[in-house]
Structure formats: C-alpha cells, structure tokens
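This structure is a prediction, so every number in the text was calculated from the model and none was measured.
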Amino acid sequence: MSVISLRRNVTVGVALGMLLVPGCHAADTSMPYAEAIQFAPEDLGGLNTRTVSVESEDSTVSYSYPILGESHPLSAYVRTAMAERQTAFLENLPDRGDPELVQTTSLLAASDDVVGVRMSVTDSTKASDRPRSSTLWYDAQTEQVMPWTSLFHDEQALAQAHLALADVLREDYDMTPEQLPGLVGEVSAKAEESDGELVPAAASDPATDPEDGEGAGEGELPLGDADLTDPEQAMEAAERWSASPLADLAFSTAGGLAVRMDPAQIPGSGRAEEALIPIEAEETEESLSELGYRARDAAVNGNSVPAERVAETTGDTEGRTLDCAEAKCVALTFDDGPGEYTEELLDTLAEYDAQATFYVLGSLVEEFPEIAERTAAEGHEVGSHTWKHDDLTSLSGDGVREDMERTSEAIEKATGKAPRTMRPPYGSHNNTVSDALGQPIILWDVDTMDWQSRDTDAIIDHAVSEVDSGSVVLFHDIHKSTVDAIPDILKELHSQGYHFVSVENLFADGQLSEGEAYTDARPE
C-alpha cells in the first residue's frame, strides 16, 4: 500500500508528505496534514496491470488499469468506460496539434468485499490540462459496480459531506465563503440561507457533458431525493453531481475522507498538481451508506483481492473484455492458417492492441504448433476450421464429430485451451452438421473477398467501407496481400473509434448457442 500525504498536523509529516506526493513543491507548513490510501498492484499478491499505448499519425491514446480477472465486473466496466471515452475522443479530433488521451486507473481499496478504483483522464483537446478523475466501487455482495455517490446513503447526506468539506476549507485553509469553489460554495451558501437545512428538491437535468464539469444549472443545486444504494439512481446522481470535488475522493488512514482538488481553487495550498483535503471521520460518519462503511474498511484494513482473481490473470486475454453493447467493437477473423505470414500479422495486430480470431486448420496447427501457441498467448481467440478444410456437409454426423474432436485436440495441445467457436469451410453447414458440432457456428457479415482478388488496395477499401459496429470481418492470413492490407485497415478503423475484439467478446455472455449460426452482432 502506498500513502499519498495531506497536511493535517502542523508538527508531523511535512517531510514525509513531500516524499510521497510526486511533483509536490515545498508547502506552507500551516496547511493541515493527513494520509490518503492508495494501493499499488504489487502490494496485492501479484495482481497485474495492463498498460497500452497506440500512436498514430493523428493522435496518441494510452490507458492502464489493474487486472482483476477476465470475468470481474469492475475490469469490464473500467475497460468499457475507457473504450467509450477513446471512441468519442477519436471521432472528434481537432484538425491541428498533437491530440493525446491518457487514461489511468489506481486502486483505492482492495478486499474480498469491496474494490475501489480511481479513474483519471487527461485529454489534450480540453480547455484544462488537469486530469479529470472520479471513483468507482465494486460491491462483491451485490456484484454491482457503483459510482462514488453510493458511498453516501442519500443526497441529503451527500450535501452534508459538501458542508463538511466547506468547513475544512474555511477553518484550515482560511478561505472565505466567497472563495469556496463550485458546488462546495453553492451548497454552503444554500445552507446559510436556510439555517443549515438542505431540503431535497426536484433534481436538475443531468449535465450534457459531465466530463467538462457541468452539473446543475447556474445557481441551482443538483440536490434530489435519490436512493444512492440503487445502482441506477446512484449513477444518475453521479451525473448531476459530476462537478463535485467529492467525485475524486479516497479514504484516509484515519478513516476519514481525502478529497483531491485543483490547487488553483485553494489559495496558499502550496500544491503544484493537486491539493488533497482531509475530512475527519466523525464529520461524515452519519453520512456514509452501508457500502461506504465497508469501502472504508476495505481501504483501511484490506490489502488483497480474492486469490482466484489473481490466478485468472496469467494470460494476455485477461482483463481485456469489453461490453460491446456499449463500446464500438469489430471482430477481425482470419481463416485457413496458421501459415508463413501469420506471425507478421500478429506483430501488426500488437501495434493497435487488437484482438482477432483465427479459425485454424488442425493439420496446420499440428505442423506449426509454435505459431498457434503464440497466437493464443498474445490474447487472440483460436477457433476450429476443421482438420483440412473439408466441406462438412459431405460428411455424416459421426464424420463431423470425428473431425471436430481431432481438430480441437490439436488446438488444445498447442494452445492449452480448447476452441469455443468454429467456422465451417465455405460457410457450408446443414442440420446434420449443426447437430454434430457441439460449438457455435461463426460466419461473417463482411467478406473482403481477399481470397479472390489478392489485391491489397481492394481488400482495404472493402473492409473499411463495409464495417459497422458489431461486424464480423472475413480475411485469410495465408495470403500476403491480405496481411499487407491489415496495417491500413487497423489505422483507418482505429481512427474511426473502433475497438478490435475476439468473436467471443463481440457476442455477449450466453448469446452463442451450440449448433447455431451467427453472422454478426450489429445492433438491431
């Protein structure tokens, strides 16, 4: 566990705070001091962090996050949120400059019961160059991902937390009521007008762009009567309160809150990058929700995630799952390999952090097991394309089963994992084939006709012009012309905000059934 220091006591911790806050300047020792909790993945028994950077001619996007396991809801939620933000960024690039989007995630609490993360975004196209941050909390009891507002039991309690923050700013930082920033000042002023009583009123409309810090209308509080223990209502409240500094809060080692704020809003804070403001535990004790109490315990006393989560993070596929019902996804698929150009293709895919699906022939996997092994190890899906490209409709049910078993055994021997989906040669299947397969049948909605044209430019044009979110695109990596087309296809689709996922990821959990054929996952 690492500790980010906040001054809360004049006589201790000043030097320690200087050491533990990167980029911190010498500060006025009259500022208060406390400690905010943050975990490093290495503190949690081998938990891994995934870091990706994709640089193109037009932009740079990068992101990093701790991997809690492929199936962990918080991993999928964080990864999807980052993907959606990246798509919006790439779809709205300015005509000049060197636009860059950096997204990072850090752990604020870690236990079998609650995991808390802080998501920070730095977008060079925005007016402010300061990161925008907010926190998310995974509740293992309900298996729900909750926003920061869920740490409070209702919006009245949330408003009281703002008043507690206002008190700290006035008493410890000598700020006048007029100097209190944004919603902190507005809540404080409303409380003064009503003798300390803040009565829930009709909620204001959600911000049109929460990331730009817009909340309720001018002179209005976003105070509603939401039940913040309800995921949907808590998310709606988080949108209304998006401009609140409490969106970026952690717990202190003393059990209080630690709120990160723009130092420009705090005269004399002495901070260059951020000011971390402590709120003592007793000031918010009655405001926390049941989840808030458990999150605090996970922050103060927790230092682990479930062992099975760590055990799941051994492969490169872990933590990469996107919710393709929300994110802009496409599945690139490659048939008939592995072959002499497959490894060149793998190198190209890695440049864009692109997952693909390879429908391989069992006979070639047996001949080139090291290529199949590398394909799976780098996070790609390896599916079955029969043993040697026979038309399955020419076989009996037993013949189909024998072919599938032989092919699956070769794939599992090379990759350590049996194929979960298959593609019949020529897309040819009938009832006999469907009944005998025991796997979902994956076809395609975009056929690049690369096997016929062998024309790199034609392959590029066809793929780029026909793709839509949810598409399954058919290529053949045994052709050099196809492999030569992939860099330009990745570049163009990346610039349009697409994310390259495996077939399994493209289709939602439980969406694929054995023996059924699927062409795409485009929204209806």
Side-chain angles (χ1 to χ4, degrees), residues 36-39 65-66 68-69 71-85 103 105-121 132-162 203 206-207 210-211 215 222-251 255 257-260 284-302 305-306 309 319 321 323 325-326:
I37 298 170
Q38 183 171 302
F39 292 92
Y65 54 92
L68 301 172
S71 60
H72 198 294
L74 186 55
S75 287
Y77 191 101
V78 168
R79 182 69 189 91
T80 301
M82 288 182 168
E84 290 182 279
R85 193 174 289 111
Q103 303 186 77
T105 310
S106 54
L107 284 163
L108 302 178
S111 74
D112 291 359
D113 189 37
V114 177
V115 180
V117 296
R118 180 193 189 215
M119 296 181 63
S120 296
V121 182
R132 299 186 307 279
S133 303
S134 62
T135 66
L136 292 168
W137 303 84
Y138 173 71
D139 183 353
Q141 293 185 13
T142 62
E143 298 186 339
Q144 294 279 359
V145 177
M146 304 289 284
W148 62 276
T149 48
S150 65
L151 300 180
F152 304 92
H153 53 74
D154 57 27
E155 289 189 83
Q156 183 76 12
L158 184 56
Q160 292 299 326
H162 283 75
E211 290 187 358
L223 187 62
D225 57 359
D227 175 6
L228 300 183
T229 64
D230 177 84
E232 184 175 347
Q233 293 187 54
M235 288 291 182
E236 291 173 353
E239 290 185 359
R240 292 196 299 274
W241 289 85
S242 61
S244 169
L246 269 70
D248 189 10
L249 61 79
F251 289 95
L257 298 180
V259 184
R260 291 174 171 87
T284 57
E285 190 68 21
E286 295 183 359
S287 297
L288 294 181
S289 64
E290 189 266 343
L291 174 60
Y293 293 128
R294 290 191 287 116
R296 181 174 65 184
D297 183 66
V300 176
N301 301 314
V305 290
R309 294 300 185 195
T321 301
D323 181 353
E326 302 293 336

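In terms of modelled atom types and a separation under 3.5 Å, the side chain of Ser150 and the main chain of Pro147 share a donor-acceptor contact. Proximity of a side-chain donor or acceptor of Thr149 to a complementary backbone N or O of Ala234 within less than 3.5 Å is detected. Without hydrogens or angle criteria, Ser133 side chain to Asp248 main chain gives no donor-acceptor distance under 3.5 Å. Tyr293 contributes a side-chain N or O that, together with a main-chain N or O of Glu285, makes up a donor-acceptor pair within less than 3.5 Å. Gln233 places no side-chain N or O within donor-acceptor distance of the main-chain N or O of Ala226, the cut-off being under 3.5 Å. A donor-acceptor pair is defined here as one N or O able to donate and one able to accept, closer than 3.5 Å; such a pair exists between the side chain of Thr80 and the backbone of Ala76.
Of all the heavy atoms in Gly255 and Arg296, the pair that sits closest is O-CD, 3.0 Å. Here the shortest heavy-atom pairing between Leu246 and Ala161 reads CD2-CB, 3.5 Å. When all heavy atoms of Pro66 and Leu107 are compared, the pair lying nearest together is CG-CG, 3.9 Å. Between Ala299 and Phe251, the closest heavy-atom pair is CB-CB, 3.9 Å. When all heavy atoms of Ser75 and Leu68 are compared, the closest pair comes out as OG-N, 3.1 Å.
In this structure, His72 has its ring center closer than 6.0 angstrom to the ring center of Tyr138.
Under the side chain to side chain contact (heavy atoms under 4.5 Å, CB included) criterion, Ala157 pairs with Phe152, His153, Asp154, Ser287, sequence neighbours left out.
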Problem set entry | Test log, rule side chain to side chain contact (heavy atoms under 4.5 Å, CB included), inputs Leu108 and Trp137 | CA-CA 9 Å; Leu108 302 178; Trp137 303 84; 4.1 Å; yes

Exercise. Between Thr135 and Met119, is a side chain to side chain contact (heavy atoms under 4.5 Å, CB included) present by the stated rule, with each step listed?
Worked result: CA-CA 6 Å; Thr135 66; Met119 296 181 63; over 6 Å; no

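Using a 4.0 Å cut-off between charged nitrogen and carboxylate oxygen, Glu84 and Arg79 do not count as a salt-bridge pair. Between Asp139 and Arg294, at least one side-chain nitrogen of the basic residue sits less than 4.0 Å from a carboxylate oxygen of the acidic one, meeting the salt-bridge criterion.
Taking CH2 of Trp241 as the reference point, atom NE2 of His162 lies at 5.0 Å (rounded to 0.5 Å). Between Thr284 atom OG1 and Leu257 atom CG the span is 4.0 Å, to the nearest 0.5 Å. From Trp148, atom CH2 reaches atom OG of Ser244 across 4.0 Å, with rounding to the nearest 0.5 Å. Within the model, atoms CE of Met235 and CG of Leu228 stand 12.0 Å from one another, a figure rounded to the nearest 0.5 Å. Taken from CG in Asp113 to CG in Leu291, the straight-line distance is 8.5 Å, to the nearest 0.5 Å.
Taking 4.5 Å as the limit, some side-chain heavy atom of Val121 sits within range of a side-chain heavy atom of Arg85. Considering only heavy atoms from C-beta on, Leu151 stays 4.5 Å or farther from Leu158 through its side chain. Between Glu286 and Gln160 there is no side-chain heavy-atom pair separated by less than 4.5 Å.
With hydrogens and angles left out, the side-chain atoms of Asp227 and Thr229 include a donor and acceptor closer than 3.5 Å.
Other residues, nucleotides and ligands contribute more than 12 heavy atoms inside 6.0 Å of the CD atom of Gln141.
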